[in-house]
Amino acid sequence: MQRYERTGRTRLLAATIAGTLGLAVALPAVGEEMSPVSPDLTPKLRDLLRQEMQSIEQASKDILSALIAGDDARVADLAQQIHDSFILQQSMTPEDKQDLMAAVPENFVARDKAFHRLSADLAQAGRDGDRGAQHAEFGRMIEACTACHARYATDRFPMLAE
Ligand code: HEC
């Protein structure tokens with residue numbers, strides 16, 4: 001671990017550079033807590049969250065296949081499905097979703113929102129047939145998965161804590 005990264009000024013600089021590159025979502029907010037959210041959830045909410053995670057992982061893999069085939073419409077469709085959280089509509093009632101959001105820290109909710117914005121941007125890039133933008137947005141989306149896991153899911157993904 002490099003010590004200098006912990007100073008406020010270096011963080012600010014890093015955030016500015018990353019912001020310029022459009023990577024802000026992958027960086028921790030200053031003072032952002034880093035502890036697993038899963039133990040704070042009811043068994044039902046935990047199951048629903050895991051189901052949602054499994055379906056967005058499957059959709060992300062399918063997006064990769066569509067990207068390498070140049071299938072813009074399928075990229076748009078899958079990214080839109082992630083954005084609309086198909087699983088939420090199938091098994092999470094609006095009340096479940098509210099309960100989940102109430103049980104997790106504010107920064108987790110912010111990361112979830114930022115993640116959903118990225119999926120909307122990816123869907124738009126698909127509809128525009130802009131492949132360069134699709135690759136960039138897909139990369140940002142995967143960074144957002146990892147960044148959230150590194151902060152809130154190290155119980156499930158312990159290697160991210162290293
Ligand atoms: C806003 C935070 C957040 C984002 C963004 C996020 N995840 Fe997760 N993810 C979690 C948490 C928290 C868990 C741990 C759930 C648990 O163990 O109960 C998790 C768990 C998982 C799991 C394991 C599910 C299981 O059955 O144990 C997978 C797979 C996964 N995420 C995939 C993804 C992928 C792929 C993305 C991006 C496309 C993503 N996640 C984005 C928070 C997030």
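Computed from a prediction, not measured in an experiment: that's the story for all the values here. When a ligand or atom number is given, it counts from 1 through the structure's own listing order.
Among Ser38, Ala153, Ala59, the residue whose heavy atom lies nearest to atom 18 (O) of ligand 1 is Ser38. The nearest non-hydrogen atom to atom 16 (C) of ligand 1, considering only Gln54, Arg156, Arg50, comes from Arg50.
For atom 29 (C) of ligand 1, the closest heavy atom belonging to the protein is Glu57 OE1, 3.2 Å. Annotation: atom 36 (C) of ligand 1 to nearest protein heavy atom, Cys145 SG, 2.8 Å. For atom 15 (C) of ligand 1, the closest non-hydrogen atom of the protein is Leu49 CD2, 4.0 Å.
Within the coordination shell of atom 8 (Fe) of ligand 1, defined by N, O or S atoms under 2.8 Å, His149 is present.
Considering every non-hydrogen atom in both Gly126 and Asp72, the closest pair reads O-CB, 3.4 Å. Across Leu160 and Ala150, no two heavy atoms sit closer than the pair CD1-N, 3.8 Å. Nearest heavy atoms, Gln80 versus Ala123: OE1-CB, 3.5 Å. The two residues Pro36 and Asp40 come nearest to each other via the heavy atoms O-OD2, 4.4 Å.
Contacts with ligand 1 closer than 4.0 Å are made by heavy atoms of both the backbone and the side chain of Met53. Counting heavy atoms closer than 4.0 Å to ligand 1, residue Phe108 contributes atoms from both its backbone and its side chain. When heavy-atom distances to ligand 1 are checked against a 4.0 Å cut-off, Arg46 comes that close only through its side chain, counted from C-beta outward. Under 4.0 Å from ligand 1, the heavy atoms of Ser60 that appear belong solely to its side chain.
Against a heavy-atom cut-off of under 4.0 Å, Tyr152 is close to the following atoms of ligand 1: 12 (C). For ligand 1 and Cys148, the ligand atoms under 4.0 Å from any heavy atom of the residue are 1 (C), 2 (C), 3 (C), 4 (C), 5 (C), 42 (C), 43 (C). If you number the atoms of ligand 1 from 1 as listed, the ones under 4.0 Å from a heavy atom of Val37 come out as 12 (C). Atom numbering of ligand 1 starts at 1 in the shown order; those under 4.0 Å from a heavy atom of Phe115 are 5 (C), 37 (C), 38 (C).
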Apply the test side-chain contact (heavy atoms from CB on, under 4.5 Å) to residues Arg50 and Arg156: give CA-CA distance (whole Å), side-chain angles for both, the deciding distance (0.1 Å), then the verdict. CA-CA 11 Å; Arg50 287 179 185 167; Arg156 177 64 176 76; 5.7 Å; no
Apply salt bridge (Lys or Arg N to Asp or Glu O under 4.0 Å) to residues Glu137 and Arg140 and explain how you reach the verdict. CA-CA 5 Å; Glu137 297 299 348; Arg140 287 188 190 119; 3.3 Å; yes
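Between the side chains of Gln124 and Arg127, a donor-acceptor pair is found at a separation under 3.5 Å. Using modelled atom types, one finds a donor on one side chain and an acceptor on the other under 3.5 Å when comparing Asp62 with Gln58.
Applying side-chain contact (heavy atoms from CB on, under 4.5 Å) to Met101 and the options Asp96, Asp112, Leu45 leaves one that passes, Asp112.
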